[in-house]
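Accompanying notes for the structure given below.
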Amino acid sequence: KAGVTQTPRYLIKTRGQQVTLSCSPISGHRSVSWYQQTPGQGLQFLFEYFSETQRNKGNFPGRFSGRQFSNSRSEMNVSTLELGDSALYLCASALAGPYEQYFGPGTRLTVT
Amino acid sequence: AQSVTQLDSHVSVSEGTPVLLRCNYSSSYSPSLFWYVQHPNKGLQLLLKYTSAATLVKGINGFEAEFKKSETSFHLTKPSAHMSDAAEYFCVVSDFEGGSQGNLIFGKGTKLSVKP
């Protein structure tokens, strides 16, 4: 069974631009979560989608948004990029409880 | 609110010696606890999980962890370190409050170095 895939793997953007990251979960998984990983703040939860509905949201500004499609694929969008948005963005999928998540390799975003 | 504290940011051991990575948690509920490992430039891999069954949990690659409610700890151990164990390890608690599967709270991570 294929694992979680994320595209693109690397991105370089300029301040003020917007970016869209994509995540394809493991087949059959309906829950997709997004995390931001930085050296200073560590791993932080962004949001989680289940059956196309956002179920949980972390403490991030509204510039960070996401959505999930009927095939469970998910996208994350960051608008008006700031230098501090440079990070590794990880996507994780889950089938059902008990909260076992499988992570993709991440998208490395660099904002210049 | 749930939280997790990894007591060491960096642990260094010699190959063949035991590994101990310490984790304390705070939870209002009966928590689910996990250990994940992240090798350089890779995503996170689940090592093991505790979900209120047996308190001693065995994971992959010879790792195990013991849930101790009285000490609010979930330390990760391995009897004999291997060079390939060098990585960053994250202790994680799952936030049940929202009834969702998605809210994992990560510790700051412990970087494990293994000397030959």
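Quick caveat, the model's predicted, so the values are computed rather than measured. Order of the sequence lines sets the chain letters (A, B, ...), proteins ahead of strands, with each chain counted from 1.
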Taking A/Phe47 as the fixed residue, which of A/Tyr35, A/Phe60, A/Phe64 is the one that meets the side-chain contact (heavy atoms from CB on, under 4.5 Å) rule? A/Phe64

Please evaluate residues B/Val57 and B/Glu66 with respect to the criterion side-chain contact (heavy atoms from CB on, under 4.5 Å), reporting the C-alpha separation (whole Å), side-chain torsions for both, the decisive distance (0.1 Å), and the verdict. CA-CA 6 Å; B/Val57 181; B/Glu66 187 171 7; over 6 Å; no

Let me know if A/Gln37 has heavy atoms under 4.5 Å from chain B in its side chain, its backbone, both or neither. side chain

Cationic N near anionic O, under 4.0 Å, A/Glu48 to A/Lys57: no

Below 4.5 Å from any heavy atom of chain A, which atoms of B/Leu46 appear? Answer side chain, backbone, both or neither. side chain

Using the ring of A/Tyr10 (Phe, Tyr or Trp, six-membered ring only), decide whether A/Arg108 places NZ or CZ under 6.0 Å from its centre and within 45 degrees of its axis. no

Please classify the contact between A/Arg30 and chain B as side chain, backbone, both or neither, with a heavy-atom cut-off of under 4.5 Å. neither

Heavy-atom cut-off 4.5 Å, strictly under: side chain, backbone, both or neither for A/Leu88 against chain B? side chain

Just checking A/Phe103 against B/Tyr36, ring centres under 6.0 Å apart? yes

Highest number of heavy-atom pairs under 4.5 Å with chain B: which of A/Leu90, A/Leu43, A/Val32? A/Leu43

Okay, B/Lys42 and chain A: the region with an atom under 4.5 Å from a heavy atom over there is backbone

How about B/Phe34 and B/Phe106: are their ring centres within less than 6.0 Å of each other? no

Side chain, backbone, both or neither: which part of B/Gln38 has a non-hydrogen atom closer than 4.5 Å to chain A? side chain

